[in-house]
Amino acid sequence: MRVSDDRYTRDRLRLDLALRLIRHEARTYTIRQWTGLSDDRIRKLYRSYVSDHDDGAVTRHRGKSPRQAAYFFRSEELHFQATQLASLYLMHGLLGATLLGVEPRYRVGSIESGALLCRAYEAYLDLHEPARISFEHAWFLLWALARRSELGLSRCRLCDGVRLHDLLARRDTACANCAPPDPNARGARAPTARLFAPKESALP
Ligand SMILES: [Zn+2]
């Protein structure tokens, strides 16, 4: 492949990724992080996307990105959905399991990693109706798991499934499937599929 063809292909992939992120209502900052496109280019893409799809389906988010790990433990349903999303990150190779916990296998700014993140998030959307976790929260979940400062993944002692836990919480909890229902929670836990754990992962 000639150099100019190769560059054209990379540009095409970068624009495709940006459009995919716009569809997921990612923030401009996030789109810039993953594609390297300028804010001006992103704004133009966003405008052309909206004029092509004038059903008002896409909302543009401004303000601060999510930064609180506690968000994923606000309800049993959120905890369950976040755990499934974390499992999808393992299955898509965005995170790798080691004896010490999980480690990042993605690179911010890589088109391949960005496309994998979109694919994992789209697989999550296919599993949940309604999906409770926005793309920005999904990206924050991946980032926080990779940092291992607040969120961790391990195996549930009861069912061997993947367990998402708050590393700062003192109490050791079971996974989102095995935890006894919270009597104070509003509404019953929605019927959900069993949590899946990738076979090859060596979660502690
Ligand atoms: Zn369990």
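For the numbers below, each heavy atom of this structure counts, side chains included, while hydrogens, waters and symmetry mates do not. In each ligand, atom 1 is the first atom listed, and ligand 1 is the first ligand listed.
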Self-check item: Between CG on residue Leu117 and CG on residue Leu94, distance to nearest 0.5 Å
Solution: 6.0 Å
Self-check item: Ionic contact status for Lys44 with Asp40, cut-off 4.0 Å
Solution: yes
Exercise. Please say which of Glu136, Glu25, His24 ends up in a side-chain hydrogen bond (donor to acceptor under 3.5 Å, both in side chains) with Thr30.
Key: Glu136
Exercise. For Asp11, check side-chain hydrogen bond (donor to acceptor under 3.5 Å, both in side chains) against everything at least two apart and list the hits.
Key: none
Quiz item: Going by chain and residue number, what protein N/O/S atoms come nearer than 2.8 Å to the Zn ion (ligand 1)?
Solution: Cys156 SG, Cys159 SG, Cys175 SG, Cys178 SG
Quiz item: Do Ser154 and Arg163 have side-chain N/O donor and acceptor atoms under 3.5 Å apart?
Solution: yes
Quiz item: How long is the gap from CD1 on Ile133 to CD on Gln84, to the nearest 0.5 Å?
Solution: 9.5 Å
